[in-house]
Amino acid sequence: MTQDTYRRTAAGQHPANLSPEYKSTPSRAPRQAPIVLPQSLSEITGPLLLGERLDALENDLTKQRSGEPLGERIVVHGRVLDEDGKPIPQAMVEIWQCNAAGRYRHVADQHPAPLDPNFTGVGRCITDEEGRFRFITIQPGAYPWGNHPNAWRPAHIHFSVFGRAFTQRLVTQMYFPGDPLFAYDPIFNSVPDPAARELLVCRFDLEQTQPDWALAYAFDIVLRETPFA
Ligand SMILES: [Fe+2]
């Protein structure tokens, strides 16, 4: 295999590395063709991301502090599957997000919205034998981000999925149905194919809603092998 045979994505389903409307990509996007790096045994067998390393409540972002965070409590659940629909167990699913007011607990976010002392915005869990994951969290707010005048991100939750080693990783974002900011967001619209864009939007799931307690959303993640021609 040579680097000439490397093909990053199916056409239109993933954003280009260089998406000029998303202003930080011109300085980040590679200017040369990618090189395939052979993996060694240590990368495959390296530290395993086993479930026993997680604390029991790491998937519940409403119980990480002494009090409950402010905002609308939601359940976010789904499955990690391969492209044949087979569940992927033992995958580490991590999320991070802003709070209900649209602010991240991060030094880089200093915009004038309140922090919540009871909300870190970070959670983790390991998929079970059916590839399932489940988080309890707070509906994130929209936030301004300075990409262009009056730029606001649609509400979203960041996702990272690790396989059994650090070399197996997917990073993506999950959005909520019907957000009026979709049409104005260069990150959401950096995915060229509208049908692929819709796959980033979770589904309202009435069945998993907890009466008198929380709404629920479903978001399945389908992993495809990096395609090689
Ligand atoms: Fe974000």
Side-chain angles (χ1 to χ4, degrees), residues 13-29 58-62 64-65 69-78 80 92-125 133-162 169-192 194 196-204 215-221:
Q13 294 190 345
H14 289 260
N17 286 326
L18 177 58
S19 301
E21 296 295 310
Y22 176 10
K23 293 270 171 63
S24 53
T25 65
S27 59
R28 292 179 186 165
E58 283 196 55
N59 70 325
D60 189 341
L61 286 74
T62 68
Q64 295 175 340
R65 290 288 194 263
L70 294 174
E72 178 189 331
R73 194 185 295 117
I74 58 173
V75 174
V76 175
H77 73 96
V80 181
M92 180 185 283
V93 182
E94 296 177 291
I95 61 170
W96 63 99
Q97 63 169 95
C98 63
N99 66 22
R103 181 143 173 211
Y104 283 99
R105 179 173 291 281
H106 190 278
V107 66
D109 186 351
Q110 298 294 329
H111 91 278
L115 283 171
D116 185 335
N118 290 315
F119 192 68
T120 68
V122 175
R124 302 194 294 177
C125 74
F133 63 86
R134 186 171 186 271
F135 292 98
I136 300 163
T137 186
I138 294 295
Q139 171 76 41
Y143 60 81
W145 64 302
N147 185 74
H148 54 272
N150 203 21
W152 291 77
R153 295 293 336 275
H156 60 277
I157 296 178
H158 296 263
F159 271 75
S160 161
V161 182
F162 276 112
R169 190 184 190 199
L170 168 80
V171 176
T172 189
Q173 298 182 19
M174 183 197 92
Y175 298 86
F176 292 86
D179 197 311
L181 291 167
F182 285 154
Y184 308 97
D185 183 49
I187 295 182
F188 183 71
N189 290 295
S190 66
V191 176
R197 240 176 268 155
E198 288 306 311
L199 298 176
L200 298 172
V201 181
C202 63
R203 172 176 61 82
F204 175 63
L215 294 181
Y217 294 92
F219 186 59
D220 288 341
I221 297 171

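Indexing begins at 1, ligand by ligand and atom by atom, following the structure's order. Computation of the quantities below employed the complete heavy-atom set of this structure, encompassing side-chain atoms and omitting hydrogens, waters and symmetry-equivalent molecules.
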State whether the number of non-hydrogen atoms from other residues, nucleotides or ligands found under 6.0 Å of Glu21 atom CD is greater than 12.
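Count not over threshold, so no.
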Distance in Å, Phe159 CZ paired with Thr172 OG1, rounded so as to fall on 0.5 Å steps:
9.0 Å
Working to the nearest 0.5 Å, report the span between CZ of Phe119 and OG1 of Thr62.
9.0 Å
Ring pair (Phe, Tyr, Trp, His ring centres under 6.0 Å) against Tyr184, all qualifying residues, sequence neighbours excluded
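Tyr184 satisfies ring pair (Phe, Tyr, Trp, His ring centres under 6.0 Å) with no other residue.
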Return the set of residues passing salt bridge (charged side-chain N to carboxylate O under 4.0 Å, His left out) with Glu94 (not counting sequence neighbours), or none when no residue passes.
none
Show me the donor-acceptor pairs within less than 3.5 Å that the side chains of residues 133-140 make with the rest of the protein, sequence neighbours left out.
{"unit_1": "Thr137", "atom_1": "OG1", "unit_2": "Gln97", "atom_2": "OE1", "d": "2.8"}

Environment of the Fe ion (ligand 1) in terms of protein N/O/S atoms, cut-off under 2.8 Å:
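Counting only protein N, O or S atoms under 2.8 Å from the Fe ion (ligand 1), the list reads Tyr104 OH, Tyr143 OH, His156 NE2, His158 NE2.
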